[in-house]
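A quick write-up on the structure given underneath.
Keep in mind that what you see is a predicted model, and the values were worked out from it rather than measured. When a residue number appears, it is its place in the shown sequence, counting from 1.
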Amino acid sequence: MDGTVRLEESWKQALSKEFDSAYMGTLKGFLQAEKQAGKQIFPKGSEYFRALDLTPLEKVSVVILGQDPYHGEGQAHGLSFSVRPGVRIPPSLVNIYKELQNDLGIPLARHGFLEHWAEQGVLLLNSVLTVERALAASHQKRGWETFTDAIIRAVNDQPRPVVFILWGSYAQKKAAFVDQSRHLVLRSAHPSPLSAHNGFFGTAPFSKANAFLEANGRPPIDWALPPL
């Protein structure tokens with residue numbers, strides 16, 4: 001997308017047709033024009049594909065699907081729901097931690113940096129991979145959704161069983177085509193404070209994901225985040 005962008009090799013191969021497509025060229029032009037106009041884009045270019053870089057295609061065990069990157073200063077770094085070290089934990093992630101504690105007895109983490117999950121095979125994928133500073137949803141319908149649909153299809157086509165954790169109606173609609181005869185799809189309300197008490201708390205997605213992975217001969221995820 002720009003000179004600083006990098007992408008892990010397995011994803012580069014799986015998504016080569018997308019990078020050669022007309023919509024991706026249009027998206028690249030849009031991002032370049034935004035930067036030339038002096039607009040600040042989150043995350044930085046080298047982290048657009050951070051989720052893919054940390055979680056190669058053949059290592060994906062779990063997909064947690066978000067919508068847009070955080071648009072506050074210093075928050076977004078390319079992983080859904082995750083924030084950089086030292087940044088205040090966002091409300092939805094606080095609720096995720098509460099459910100994790102209820103589900104597996106894991107104490108609440110003191111930071112919001114989720115790379116430990118990604119490195120184990122949890123693909124923390126947003127539907128849209130960039131956003132303008134302080135302007136929520138500003139890069140929706142520019143092409144990212146088509147690109148991330150291709151990512152989900154690539155995971156769906158993998159021979160190994162994968163867990164898809166879909167919080168909220170947006171994620172559930174986006175991944176509606178996932179083959180449930182091979183993969184486990186866990187649906188619930190979104191962990192946002194607006195909806196967490198209406199069908200998110202008590203759903204035990206973390207223990208269910210690990211039970212499915214172990215039943216299919218795959219290692220469970222260590223959901224406990226190490227201190228920074």
Quick check: do [X] and [Y] have side-chain heavy atoms less than 4.5 Å from each other?
X	Y	answer
Val163	Lys208	no
Lys39	Arg133	no
Leu125	Ile152	yes
Pro193	Asn95	yes

Which atom of [X] lies closest to which atom of [Y], heavy atoms considered:
X	Y	value
Leu114	Ser82	N-OG, 2.9 Å
Ile106	Ala224	CD1-N, 3.7 Å
Pro69	Thr130	CG-N, 3.7 Å
Val128	Glu145	CG2-OE2, 3.4 Å
Ser92	Ser192	OG-CA, 3.3 Å
Tyr23	Gly143	CE1-O, 3.3 Å

Can you hop from [X] to [Y] via hydrophobic side chains spaced under 4.5 Å?
X	Y	value
Tyr48	Leu57	yes
Leu123	Leu79	no
Leu65	Phe206	no
Phe113	Leu93	no
Ile165	Leu213	yes

Would you tell me whether His190 and Ser195 have side-chain atoms, one donor and one acceptor, within less than 3.5 Å of each other?
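No, no side-chain donor-acceptor contact under 3.5 Å.
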Could you check whether Gln140 and Asp68, counting side-chain N and O atoms only, form a donor-acceptor pair closer than 3.5 Å?
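There is such a pair between these side chains.
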Rounded to the nearest 0.5 Å, how far does [atom2] of [Y] lie from [atom1] of [X]?
X	Y	atom1	atom2	value
Leu228	Arg84	CG	CZ	13.0 Å
Lys12	Leu52	NZ	CG	12.0 Å
Leu7	Ser46	CG	OG	12.5 Å
Arg187	Thr203	CZ	OG1	13.5 Å
Ile41	Lys35	CD1	NZ	7.0 Å
Ile151	Leu129	CD1	CG	6.0 Å

For a side chain to side chain contact (heavy atoms under 4.5 Å, CB included) check, start with the C-alpha distance between Leu15 and Phe147, then their side-chain angles and the critical distance, and finish with the verdict.
CA-CA 8 Å; Leu15 301 170; Phe147 181 74; 3.6 Å; yes
Decide side chain to side chain contact (heavy atoms under 4.5 Å, CB included) for Asn210 and Ile221; before the verdict, give the C-alpha distance in whole Å, the side-chain angles of both, and the deciding distance to 0.1 Å.
CA-CA 6 Å; Asn210 278 354; Ile221 303 300; 3.6 Å; yes
Quick test of your reading: applying salt bridge (Lys or Arg N to Asp or Glu O under 4.0 Å), list the pairs with at least one residue in residues 164-178, sequence neighbours left out, ordered by first then second residue.
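Qualifying pairs: Asp149-Lys174.
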Please tell me whether Trp117 and Phe81 form a close aromatic pair, meaning their ring centres lie under 6.0 Å apart.
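For Trp117 and Phe81, the ring centres are not under 6.0 Å apart.
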Verify whether the ring centers belonging to Phe177 and His183 lie closer than 6.0 Å.
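So the answer is no for these two rings.
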Sidechain N-carboxylate O distance under 4.0 Å for Glu34, Arg142
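A salt bridge is absent here (no side-chain N lies under 4.0 Å from a carboxylate O).
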Given 3.5 Å as the limit, does a donor-acceptor pair link the side chain of [X] with the main chain of [Y], or not?
X	Y	value
Gln75	Val87	no
Asn216	Arg160	no
Gln172	Ser188	yes
His111	Pro226	yes
Asp103	Glu99	no

Would the number of heavy atoms belonging to other residues, nucleotides or ligands and lying under 6.0 Å from CZ of Arg182 be above 12?
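For Arg182, atom CZ is crowded (more than 12 foreign heavy atoms under 6.0 Å).
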Going by side chain to side chain donor-acceptor pair (under 3.5 Å), name the pairs with one or both residues in residues 50-67, residues two or more places apart or in two chains.
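For residues 50-67, and leaving out neighbouring residues, the side chain to side chain donor-acceptor pair (under 3.5 Å) pairs sorted by first residue read Arg6-Asp53, Ser10-Glu58, Arg50-Glu115, Ser61-Arg218.
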May I have the step-by-step check of side chain to side chain contact (heavy atoms under 4.5 Å, CB included) for Glu73 and Phe42, ending in yes or no?
CA-CA 8 Å; Glu73 181 71 43; Phe42 296 146; 3.8 Å; yes
So Val63 and Val178, side chain to side chain contact (heavy atoms under 4.5 Å, CB included) or not? Walk me through it.
CA-CA 11 Å; Val63 177; Val178 169; over 6 Å; no
